[in-house]
Every structure is written in structure tokens, then in C-alpha cells.
Amino acid sequence: MIELVDISKIYKNGEQETVALKDVSLTIEDGEFVAIMGTSGSGKSTLLHILGCMDKPTKGTYLLMGEDITHFKSRQLSKIRKSKITFVFQNFALMEKYTAYENIELPLLHRGISTRQRKKIILDAVRQLDIESQLYKLPKEMSGGQQQRVALARALVSGADIILADEPTGALDHATSMELMSILKEYNQKGKTVIIVTHDKEVAEFADKVIRIEDGALE
Amino acid sequence: MMSRFLNYLARNKVQIILVMGLSIISLFLCVLALTNSFVFKAQIKDLKKIFQTDTDKIGVLNFSYVKDENRFGDDINEIKNIIRKDYGFICGAYTESYIYFEELWNNKVYLECNEEEYKGTFYEEYLSLSDVIMVDPEMMDIVDCGILKEDLLPITIGDELYYPIYVGSDFKHIIEIDDVLTSDTFGTKYIVKGYIEDTIWFSYYDPIEFPASPMKHKFIAPFGNEERTDSMTQLSTVNQIFIKGNVLKESDIRQIEKLASQKDIKISISTIEEKIQQFKVDNMEIMRNQYSFAIVVMICSMISISSLFCAFILMRIKEYGIRLAFGESKERLICTMVGRHLVYISIAMLIVILFAKKYFDATVLGEFSQLYNKSLVGYAFPITILVSILYTLISLIPPIIMINRMELVQLVKEEEI
């Protein structure tokens, strides 16, 4: 379970302060599919970054699976990102010089998993997502939809229970977007908690719960 | 792991070639400067080791003019005797020459033994020649080679006069104690009285400026009667005549110089310490220049490597962001970078070691090669390894700071990952 209590995020630039989030409190149960919606600059990405342990709140409390991680150091947050939370980004965030296989392998490295075991996990994931034929291609050799599937495979192989997706369909056409959302829904039904940031109502309809944010505050 | 590393090498070949190139150049200069410096120090240390006492108590006669070379044998013996008797100094000379011993002329084992030693020198065509150091017995009170002055006194057996000779340990299996060796020059007969182990002697070319060499392939014997008075033999002792006293008084030195001038021989006497100091002064300038050049190149190379790493980090900023997002810590990114750089440096070091060895083998004179090898392996390489680690760590400080200051959210936003 994810629980945010009175979370605020203020960015300082010299003497100027920008409030990105203002006393946000929310609870997301395990296995929920949540969509965070809001206009550009509303603070939805900041919220996602805090949820994903990529950024720390200025104020408030963040409880992840009952543990207060608000004041965790960056190394502890890395561990959480490695084991409990995974990401799907709008522009796929694939490493361009690396093949699909190497991109998918990234979360499995430095975990003490043997090469053979890693290969098995990766092949299982690519089979499920139907991108076996893309495995040894570079991102630039794939279509947007295929790249996003590789990004999704990378997120899934980590075994994390929470999938955070920042505008995952932003760079995809309508049909591919729906296909991707169906896959996410499928994984949600298998027990994964899925949190997506989107401004697309049709995409948000896949979610069990929609959280709207405006000017850094929940509506 | 290995295949990932090889893939990494293939992907980053430009960076690797640049880093390795810079490292190889600067580490090679470092090895060069260190080796030369240690060779120089080892040479002086060896030289001091040859003498029994402090080098300021030993003088050397520097000859600048000899009018009548035919009389030199008699004149120099007279001067040496006056120095001994009137001034109370120990005075002795040596020369190193290649002579034939009749008994070894056709000794196959002896010729084979010389073959390896003389290879590449003028003497490789004359394998039956023997490298003999001829000395005044008084030299044994000046140098420390494990032989006493008394050990070099002539021996009479029956009617025959024999001179003791000591043989380098390389010939132990060929020449036995009490064997007789006959010089083909003057017919001087020598009787083997012992072997020379682990001892060094002055260079054939110059006692001060060239490194001492082991005596294991040489012989040492006193001058025979003929050699003692033979002008040609004695002329070869020029600049290799030493005096030793508790105090080398300036007034005594001037008088000895005056005494020589009365015989139309111009000499000056300087202490070995003065000679060493002069040698140091002459070489220090070269050393200083080499060190300065090596340090400047290393600093430039460190700055370049630092800049290269920073530039490559900027080029791979998206990758760093992705890696951090998927749970890699900054510490791991830094460790990976340092580890990789240490691998490059190790490879560069290996190349430098091989190249330096080849370089010195090809450029260093035979007399120096042993000293160079000793300095290279014993000092220059270990120190360069330490320097290279330091060099790596210093050059990586700016890139490490850069990674440490990375803000994951900024990377995510800037790169729109």
C-alpha cells in the first residue's frame, strides 16, 4: 500500500519558490489501477516522481508498504527502485546503443542472478509481449509500439509490484496505445499495482480510480 | 560479465583509444624519467660500494699531457713510489685488458662459455681472449673486492716466479685452483688462487661515468714485472690511478702535481667525491628536465582524461538517468567508471612495460643494460604502477563529482525519458 500524507514539494530557485505539490494526501491499495490526470504543469509528474522515489518531498510523509521512507537516503531509495517500483516512460527511455535484450536486462543486473536465469526471465517477458523477433535489434530499428513493449518488458522483468507509467501512450498512435493499456490492465489483474499519469481520458478509463490534480493540489 | 565488458569496449572504442593513448604516452615518460633517475642513483651507489672508505678520502689522478710516452712506465712507477713513501698515501692503479692464456686457447668449454658473454661485442670474433683486470696490489687497500693486498704477492715455486690470479665464478667448472695460466704477451705465469663471487669492478670505459660491472666473467691479477714497467700497459692505467689517505691535504696534492710536471706529465688530482658531485651536477639538469617534462605531460594528460570522461558522461547522460531510475546507485556508477578506467590503465601499463623493455634493450649500451633492467623492474615499474593508480584517481575526481551531483529528476526531465 502507498500512503502519502500532506506531501508538499517546493522548488527553490534563488529567492523564488515554486510550489509543485501542496499538501497532497492519498492512498493507493495493492493491486489498484490508478490514473493521475491533470493539465500540463499541474504537478502530476512531480507526484509520480515522488511516488517513484526519484524525488523527495519537501514536507509530509511517504509510507510505502507501511514503512516511512520520507527521509530515506539516495542509496536506500535506489534499492526501492530496484526491487519494489518500476517505470514506463513516455519516450520509452531505451538506451540507444544497447539492444532490446540489453535494455530489458538492465533491472536484473547486479542482483546476483545468473546469466542463464536472466536470459530465461527476459525470454519469458518478451514472449508474453510478442517481441521475440526484436530482441537483438537496437531501439532505432524498432517502431514506437515495439520500443514501448521493450520498455514494458524491462519494467516487468524487475519483478516489482508497482508499475509507474508517465504518459506511456504519449508517443504512440491510438491503436497501439489501446494495445499497451490492455497489457497494463492484464498485469494489473495479475496483481500488479499500476499508476499512470495521463491527460488522455480514454486511457484513464482503464483505471479503477482516477485522481485529478490541479495547481499541485488534488481536486 | 566478460561479454558485457567486450560489448562495452566495442561501443566505446573512441573513448578507450583516446584514454589509452594519453595514458600510454604519459606513463611511458614517467617510466623513462624514473628509470634514468634510478640508473643514475644505482650507478653512484655501486661506485661507492667498490671503495673501502669514504669517497672524499680517495683521489684519482687525471692526466692531461704526457710528453714522452716511451718513458711513461718508469716515470709513473717513480711517481707512485714517491707518493707512497714521501706522502704516506696508498697508491695503486689498474687496467683492464683482453689477453690470451695459452692453456685456454683451445679449450672448447671455455670458448663456449665466452660465446654468450662476448655476443654482440668486438670480442665475439676472439672467443679465446680473457678479460683480465691487472692491478697494483695496493689497489686492494683502496677497493673492496674480497681480495687482500697480500693475496696478490708473487709466489716462487722452484725457480719459477708465479703471480696469483683470481678467476670469475663463471669459469669455476673450467679452471681449478692451482691451475697455471700463461699470458702470451710477456709469458707471465699465473697460478689460480681463488674465485671471485658477486663482486663488481669499475667500467672498462670510465671508472666514474660508466656503471660498474660484475666480475664473474673476469680475471684479476697483479701486474707482472714486465707489465709494471711496460709503458704501453702503464699508459692504459691513465685516469685509473688512485691515491688514498686519511686526509688528502691540498698542499700534498699540489706537490704531487708539481712532481709529475717535473717529468713533463700534467696531472690534476681530484677526490672521487668531487668527481661524483660533478657527475651529479652534469646529470641532474637532464634528470630535472626529464621529470619536469614527464610531470607536465602527466598533468596535461590528466586534464584531458578528466575532460574526456566528463564529455562522455554528458554524452551518456540519458543512459545514466535510465540506470539510476532502474535502481543503480550513483556509487555503483562511479565504481563501474573507476573500475573500467583502472582496466584501461592496467592495459596501458602492460603496453608501457613491454614497450619500455624493448626501448631500453634497443637503445641502452651494453654496460648500462643490466643497470637499466634492474632499475626498470625493481624501481620504475612498481613506482609507475602506484603513480598510475594515483593518476587514475586524480583524473577521475571531476567526473566523480559530476556523477555525484546528478539529480535523477533533472535527468528525467531534461532528457524527457
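Computed from a predicted model, the values in this text were never measured in an experiment. Throughout, a chain's letter reflects where its sequence line sits, starting with A, and its residues are numbered from 1.
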Can you tell me how far the [atom1] atom of [X] sits from the [atom2] atom of [Y], to the nearest 0.5 Å?
X         : Y         : atom1 : atom2 : value
Lys82(A)  : Phe326(B) : NZ    : CZ    : 11.5 Å
Leu324(B) : Met54(A)  : CG    : CE    : 10.5 Å
Glu102(A) : Arg11(B)  : CD    : CZ    : 4.0 Å

What do you reckon, is [atom1] of [X] surrounded by more than 12 foreign heavy atoms closer than 6.0 Å?
X         : atom1 : answer
Asp215(A) : CG    : no
Lys374(B) : NZ    : no
Glu3(A)   : CD    : yes
Tyr379(B) : OH    : no
Lys190(A) : NZ    : yes
Arg316(B) : CZ    : yes

**Q.** Any Leu408(B) side-chain heavy atom under 4.5 Å of His49(A) side chain
**A.** no

Q) What part of Arg323(B) is in contact with chain A, defined as an atom under 4.5 angstrom from a non-hydrogen atom: side chain, backbone, both or neither? A) both

Q. Going through the checks in order, is the side chain to side chain contact (heavy atoms under 4.5 Å, CB included) test met by Asn12(B) and Lys97(A)?
A. CA-CA 10 Å; Asn12(B) 298 281; Lys97(A) 283 184 177 179; 4.0 Å; yes

Q) Which answer fits Leu77(A), side chain, backbone, both or neither, if we ask what part of it has an atom under 4.5 Å from a heavy atom of chain B? A) neither

Q. With the threshold set at 4.0 Å, does a side-chain nitrogen-carboxylate oxygen contact exist between Lys318(B) and Glu96(A)?
A. yes

Q: Work out which heavy atom in Ala325(B) is nearest to a heavy atom in Phe89(A); give both atom names and the distance.
A: CB-CZ, 4.2 Å

Q) Top residue by heavy-atom pair count (under 4.5 Å) with chain A, among Glu407(B), Lys330(B), Glu331(B)? A) Glu331(B)

Q: Just do the side chain to side chain contact (heavy atoms under 4.5 Å, CB included) check on Ile322(B) and Arg154(A) with the steps written out, would you?
A: CA-CA 11 Å; Ile322(B) 295 166; Arg154(A) 179 178 59 188; 3.4 Å; yes

